[in-house]
Amino acid sequence: MTTGARQGGNVDGVRPDLGTYVSRLENAVYKGIAAEAAPYDLFPLDVYLLLICQEAGECTATQLAQMLPVDASRISRLVTGLADKGLVRRRRLRNDRRIVMLRLSPQGEQLTSEMTGRMQSYYDRLTEGVSEREMRAFAATALRIVSNYDEMQEE
């Protein structure tokens, strides 16, 4: 493999498209999270779900399904697995028993905090040599693309 191919540059005169860049970036991030999560018998989606619950404090499975790239039935299975491990607690609303609120258990809080630190260390290694200015430009570009996508979904 040539240096250009490893670095995501032109390969045989063909420039990778947006999907290629996103896929390679997602792969780099996902595999790192998978390696950090494996000792805890978790998968990256479990970690993402825990992080969302930590940030939200309390949320519904529907809210999780809007934020994660999986359907509602997969969210339900993920939540059940995390509840079985004692990482997530469920609570039904008194005024509407159909709605189940999810929050991290104390064990889930501790694990998620630990995972956050481990993931930040991994992210720091991934972004080594990337300037603060480059990261701001990357973030602004990514947010613009996501915003364009959101607008397309509203049409």
Side-chain angles (χ1 to χ4, degrees), residues 8 16-128 130-155:
D17 65 352
L18 177 62
T20 300
Y21 287 123
V22 170
S23 178
R24 292 182 72 195
L25 176 61
E26 178 184 33
N27 190 42
V29 171
Y30 190 86
K31 284 186 177 181
I33 293 171
E36 295 295 338
Y40 302 98
D41 193 29
L42 297 174
F43 295 98
L45 278 174
D46 296 322
V47 174
Y48 293 137
L49 189 147
L50 292 171
L51 290 169
I52 291 168
C53 284
Q54 184 182 48
E55 187 174 314
E58 196 170 53
C59 59
T60 66
T62 302
Q63 291 167 325
L64 290 169
Q66 293 169 344
M67 300 178 83
L68 293 170
V70 294
D71 60 31
S73 63
R74 178 77 191 272
I75 294 291
S76 179
R77 290 191 302 274
L78 288 170
V79 168
T80 297
L82 293 171
D84 290 348
K85 292 176 183 177
L87 301 174
V88 174
R89 291 185 176 166
R90 298 178 177 123
R91 177 180 68 85
R92 292 199 182 272
L93 292 182
R94 290 181 186 170
N95 59 344
D96 189 343
R97 305 280 303 156
R98 296 170 296 173
I99 298 176
V100 178
M101 300 303 295
L102 308 168
R103 75 174 314 118
L104 296 182
S105 68
Q107 180 184 353
E109 286 282 353
Q110 181 180 350
L111 177 71
T112 304
S113 293
E114 185 177 326
M115 286 296 302
T116 300
R118 295 173 63 102
M119 288 170 46
Q120 188 57 54
S121 295
Y122 180 71
Y123 294 160
D124 290 345
R125 289 181 59 208
L126 279 180
T127 58
E128 191 172 302
V130 178
S131 72
E132 187 176 326
R133 181 175 176 236
E134 289 170 319
M135 282 303 295
R136 280 195 309 268
F138 169 75
T141 302
L143 289 172
R144 180 70 245 167
I145 291 169
V146 170
S147 178
N148 289 344
Y149 171 78
D150 291 343
E151 289 173 12
M152 291 167 51
Q153 299 309 301
E154 293 172 4
E155 293 176 358

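From a predicted model like this one, the values you see are computed outputs, not experimental measurements.
- Contact of the E58 side chain with the L102 side chain is not registered, since no non-hydrogen atoms from C-beta on lie closer than 4.5 Å.
- By the 4.5 Å heavy-atom criterion applied to side chains, R90 and T80 are counted as neighbours.
- Side-chain atoms of S105 come within 3.5 Å of backbone N or O of G86 as a donor-acceptor pair.
- At most 12 non-hydrogen atoms from other residues, nucleotides or ligands lie less than 6.0 angstrom from CZ of F43.
- Each of L42, V47, L45, D46 was scored for a side chain to side chain contact (heavy atoms under 4.5 Å, CB included) with I33, with one residue passing: V47.
- Minimum interatomic distance between Y122 and V29 (heavy atoms only, all atoms of both residues): CE2-O, 4.1 Å.
- Side-chain atoms of T127 never come within 3.5 Å of backbone atoms of V130 as a donor-acceptor pair (strictly under, hydrogens ignored).
- Side-chain contact between T116 and Q54 is present, with heavy atoms from C-beta onward closer than 4.5 Å.
- For the pair L87 and T112, the minimum side-chain heavy-atom distance is 4.5 Å or more.
- Side chain of S121 to main chain of G117: a donor-acceptor pair is present (N/O by atom type, distance under 3.5 Å, no hydrogens or angles).
- Identified under the salt bridge (Lys or Arg N to Asp or Glu O under 4.0 Å) test for residues 59-74, with sequence neighbours left out: none.
- Using a distance-only test at 3.5 Å, with no hydrogens or angles considered, a donor-acceptor pair links the side chain of E134 to the main chain of S131.
- Atom CD of Q120 sits in a crowded spot, with more than 12 heavy atoms from other residues, nucleotides or ligands closer than 6.0 Å.
- Between C53 and the options L49, L51, L50, a side chain to side chain contact (heavy atoms under 4.5 Å, CB included) holds for only L49.
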Please lay out, stage by stage, how L64 and L78 fare under the test side chain to side chain contact (heavy atoms under 4.5 Å, CB included).
CA-CA 10 Å; L64 290 169; L78 288 170; over 6 Å; no
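- In this structure, the side chains of R89 and P106 come closer than 4.5 Å at one or more pairs of heavy atoms.
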Test R144 against E151 for salt bridge (Lys or Arg N to Asp or Glu O under 4.0 Å), laying out the working first.
CA-CA 10 Å; R144 180 70 245 167; E151 289 173 12; 3.5 Å; yes
